[in-house]
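Notes to accompany the following structure.
Lettering of chains follows the sequences in order, A, B, ..., and the numbering in each one begins at 1.
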Amino acid sequence: MPELPEVETIVRDLREDISGRKILSVNFITRSVWRGRVPSAKFIVGAAIERLDRMGKNILIFLSNDRVLIVHLKMTGRLTFEQPSSPKKKHTHFILSLDGGELRFNDIRRFGYLDLVAGPKLAKVRYLARLGPDALKIGRQEFTELIRGHKRIIKALLLDQDAIAGMGNIYTDEALFRAGIHPKRVSSSLSVARAGKLHEAMLETLNLALSARGSTIDNYVGGRGTPGSFQDQHLVYGREGKPCPKCGRAIKRIIVGGRSTHFCSHCQK
DNA sequence: GACAACCTGACC
DNA sequence: GGTCAGGTTGTC
């Protein structure tokens, strides 16, 4: 589920709510959610939460013992800070008991994962090192060069985390609509001006979504368990057959790069 | 670049 | 019963 705005919302929530808290105990409920080996509790218990960060759609939780807990939520993952008295939900796979509450990892489909790495080895974690520049931080010129330097279907390129980190299916469709670009257009065929417009549209979309604390279609909730509201502002995603906000013609849905894609064939070229 | 795989649940 | 889902990875 979560794309950059959802993951960033969770990180901001948790940064406020769990920074500085001490880890009292750990509960490995489902061992298969760990990407590598299941870590020994001694590498976690007794440490404090030092700070949190985001790399693409990965959440990084830095512990005071110089280890880093990495969390990827994939499609249906949730990472929430709750009171121990809050009812335990189905599909909760991992709990960190902190002084003052519990950090819970819940994931219906179990596509998400957890990973614990030693701080000095963080730079060598393959799936982090290969990530492209962050979609919120990449500058206009770098973005334009990236887009025009690849001969790929633009939607697939935007979804490629190794090219640009953070974009997902919703925000790619929304940004392409705002920029008036057809999702199947070949990236290298875009003019500097149109690539620049796409950069602008991408930032606008992501920042609006952040202000609304993300989009909740089904599962997503922030770090405090509350849903986002940006789904109410979607212009094309999930609106197949409904009128295009610009021209009124019906929004179409096709498959691009194996993903459901929503667009207006009149407004996007 | 297309497609299957990983899983559960919602909806038709 | 079949289809689809916010993501990524591995195989033709």
Side-chain angles (χ1 to χ4, degrees), chain A residues 1-11 29-36 54-59 70-80 89-94 105-115 125-132 135 150-177 183-188 202 205-206 208-210 212-223 226-241 253-262:
Chain A
M1 67 177 153
E3 306 180 26
L4 186 154
E6 289 77 25
V7 176
E8 180 65 21
T9 298
I10 291 169
V11 167
I29 300 164
T30 308
R31 302 179 74 85
S32 62
V33 297
W34 289 85
R35 184 179 176 115
R54 176 184 61 76
M55 283 185 73
K57 298 171 191 169
N58 295 269
I59 297 168
I70 305 168
V71 183
H72 198 304
L73 301 173
K74 290 285 184 82
M75 297 279 266
T76 54
R78 292 176 167 191
L79 192 63
T80 52
K89 287 173 213 73
K90 204 177 168 183
H91 306 302
T92 295
H93 305 298
F94 179 69
F105 172 70
N106 182 287
D107 188 356
I108 294 177
R109 293 173 76 176
R110 264 179 284 141
F111 287 179
Y113 59 78
L114 306 173
D115 204 3
V125 176
R126 283 291 304 272
Y127 61 89
L128 295 179
R130 58 192 274 184
L131 292 173
H150 286 85
K151 194 173 177 180
R152 294 181 57 186
I153 290 175
I154 186 66
K155 168 142 181 174
L157 182 59
L158 291 178
L159 284 175
D160 184 347
Q161 303 300 299
D162 298 352
I164 307 166
M167 294 293 280
N169 207 32
I170 294 177
Y171 299 109
T172 298
D173 281 6
E174 293 295 311
L176 287 169
F177 174 76
K184 290 186 88 167
R185 173 163 285 280
V186 174
S187 59
S188 55
M202 178 176 79
T205 306
L206 293 174
L208 284 171
L210 262 176
R213 295 180 52 84
S215 303
T216 297
I217 306 293
D218 206 19
N219 291 283
Y220 164 74
V221 292
T226 58
S229 65
F230 193 66
Q231 67 280 2
D232 299 338
Q233 296 175 63
H234 289 175
L235 302 178
V236 288
Y237 185 85
R239 299 192 64 247
E240 180 186 11
R253 185 173 80 90
I254 57 174
I255 302 297
V256 181
R259 311 298 301 280
S260 185
T261 299
H262 313 73

Q. Expressed as a whole number of Å, how far does the C1' atom of dC6(B) sit from that of dG1(C)?
A. 22 Å

Q. Just one of D218(A), I217(A), T216(A) clears the side-chain contact (heavy atoms from CB on, under 4.5 Å) bar with Y220(A), so which one?
A. T216(A)

Q | Separation of the C1' atoms in dG6(C) and dG1(B), to the nearest angstrom | A | 22 Å

(Q) For the P atoms, the ones on dT8(C) and on dG9(B), what distance do you get once it is rounded to whole angstrom? (A) 22 Å

Q: Just call it for G258(A): base, sugar-phosphate, or nothing, with non-hydrogen atoms closer than 4.0 Å on any strand.
A: nothing

Q. Between L114(A), V7(A), D107(A), which is the residue that forms a side-chain contact (heavy atoms from CB on, under 4.5 Å) with V71(A)?
A. L114(A)

Q.
Under 4.0 Å, counting only non-hydrogen atoms across every strand here, what does Y171(A) touch: a base, just sugar-phosphate, or nothing?
A. nothing

Q. Reading DNA chain C 5' to 3', how would its secondary structure be written in dot-bracket notation, given Watson-Crick and G-U pairs with both distances under 3.5 Å, brackets [ ] for crossing pairs and | for partners on other strands?
A. |||||.||||||

Q. Think H91(A) has a side-chain N or O under 4.0 angstrom from the OP1 or OP2 of dC7(B)?
A. no

Q | Pairwise 5' ranking along DNA chain C for R109(A) and Q161(A), keeping only the more 5' one | A | R109(A)

Q: Would you indicate whether the side-chain heavy atoms of T261(A) and L176(A) approach each other to under 4.5 Å?
A: no

Q | Donor-acceptor side-chain pairing of K90(A) and N106(A) below 3.5 angstrom | A | no

